[in-house]
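Letters A, B, ... are given to chains in the order of the sequence lines, protein chains preceding strands, and every chain is numbered from 1.
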Amino acid sequence: MTSSPSRTTLLREGADGRAVHDVGGMDFGPIDRDEHDLALWEKRTDAMLILLCSKKNVFTIDAMRRVIEDYGQQAYDRTTYYEKWIRAIRNLLVEQEIVSPDEVEKRMAELASVHRANGRRVSAETIDWAKGGAA
Amino acid sequence: MTHDDHDHDHDHDHDHDHHHGGDGHTHPPQRDHDAGPMSAYEVLEETIRSLLIDKGVLSADEIAAQIDLMDSRTPALGAKVVAKAWSDPAFKAKLMADTRGALLDMGIDIGTLAEFRTIENTPDVHNVVVCTLCSCYPKLLLGVPPAWYKSLAYRSRVVVDPRAVLAEFGVAVPEGVEVRVHDSTADLRYLVLPMRPPGTEGWSPDKLASLVTRDAMIGTAIPDPGLRAAAE
């Protein structure tokens, strides 16, 4: 099993050795009960995950959990739900050598410039892919 | 209509909200949607999708069909199951013993990613569901989870202070009633079977289903015929 991906879970600060996702019993303030509809890109992210896991067997749902649970605290707490998902899908596709990091960066730049050329504003933020990083 | 027909990648800036669905029940989309510039993660989604389509891993039609399936799974489906359980003792017995099989009998396929279990509220026990580690939810029965279900605030607190959280949701659990919090996993999802409200004797399954809200099947609400009467 030498090809097994390594797992080095980063811990949550001040949480007594807990991993970032292990939040049961902690305090994150009041519950915001506002309802939100999903954006189309979020639905597409959801659809791609289900298809990649259950129809195409590209990776398993457990691999998806592993990648999200291995995020650093900053990436985990600052990203929204579907931001975590699309980030994890990218990381797993890279791990499976279906896409390369360069390919992703290049296509992101191309698409952003097409949108800008069409007058759509695109955030200047970049995604920090380093472990523990977050845009 | 395919989903690309209502893509929001318009070629102009705009800051008004679009609502789709025609069910008269829409909510503000989550941030970054139509409101401001495209976020880096939104560009990442488009990037991954276009690369997967280019490489023949997925097709645009498959993605659109999967979104259609997701959109077809709403709490109305779960409500139909609950109403049937309230109306048909044999179905209820099967639902409690073999949720997957009972749902299949109704033509509902919950897929292969996770197992489902039904937990019944009784005069002695009130059940509420969470996923402390992520956001596991019976999506194939109730549709996408509400934002609060996925929030760190709900995930962290409902396991240690469930009565207070339930009170915030308007559910006052009497002192003598035990509260059980069920922590879902990637492999096991829960459906709460609420108690059938008094005063609903002789109601049709459709009328009963109209009482069963999404939150009632998570455990953060109680079906209330009074609310239904008020809405009529």
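- Residue A:I31 comes nearest to B:W148 through the heavy atom pair CG2-CB, 3.8 Å, listed as atom of the first residue, atom of the second, then distance.
- Nearest heavy atoms, B:S156 versus A:F28: OG-CD1, 3.4 Å.
- The parts of A:D22 that come within reach of chain B are both its backbone and its side chain, each placing non-hydrogen atoms under 4.5 angstrom from that chain.
- The backbone N or O of A:I98 sits less than 3.5 Å from a side-chain atom of B:K55, completing a donor-acceptor pair.
- Looking at every heavy atom in both residues, B:A40 comes nearest to A:E125 through N-OE2, 3.0 Å.
- When heavy atoms are compared at a cutoff of 4.5 Å, B:F169 approaches chain A by way of both its backbone and its side chain.
- Residue contact with chain A, scored on non-hydrogen atoms closer than 4.5 Å, involves the backbone and the side chain of B:V57 alike.
- Contact residues of residues 130-139 of chain B toward chain A are B:T132, B:L133, B:S135, B:K139 (heavy-atom distance under 4.5 Å).
- Of the residues considered (B:V159, B:L51, B:V160), B:L51 shows the highest number of contacts with chain A, using heavy-atom pairs under 4.5 Å.
- Ranked by heavy-atom pairs shorter than 4.5 Å toward chain B, the options A:V20, A:V104, A:D62 are led by A:V104.
- Shown are A:E42, A:K84, A:R87; of these, the side-chain hydrogen bond (donor to acceptor under 3.5 Å, both in side chains) with B:Y41 is made only by A:R87.
- Most heavy-atom pairs under 4.5 Å with chain A, from the set B:V43, B:L152, B:D187, B:D161: that is B:L152.
- Residues B:E45 and A:R44 share a closest heavy-atom pair of OE2-CB, 3.3 Å.
- At a 4.5 Å heavy-atom cutoff, A:I68 makes no contact with chain B through either its backbone or its side chain.
- Interface residue A:E103: backbone and side-chain heavy atoms are both found under 4.5 Å from chain B.
- For a residue to count as touching a neighbouring chain, one of its non-hydrogen atoms must lie under 4.5 Å from one of that chain's; by this rule A:V58 touches chain B with the side chain only.
- In plain terms, the two heavy atoms of A:R65 and B:A186 that are nearest each other are CD-CB, 3.5 Å.
- Each of A:S123, A:A19, A:S54 has some count of heavy-atom pairs under 4.5 Å with chain B, and the biggest count is that of A:S123.
- Heavy-atom pairs under 4.5 Å with chain B peak, among A:D34, A:T60, A:L52, A:I61, at A:L52.
- A donor-acceptor pair under 3.5 Å is formed between the side chain of A:R33 and the backbone N or O of B:E168.
- Across all non-hydrogen atoms, the minimal contact from B:I67 to A:L40 is CD1-CD1, 4.4 Å.
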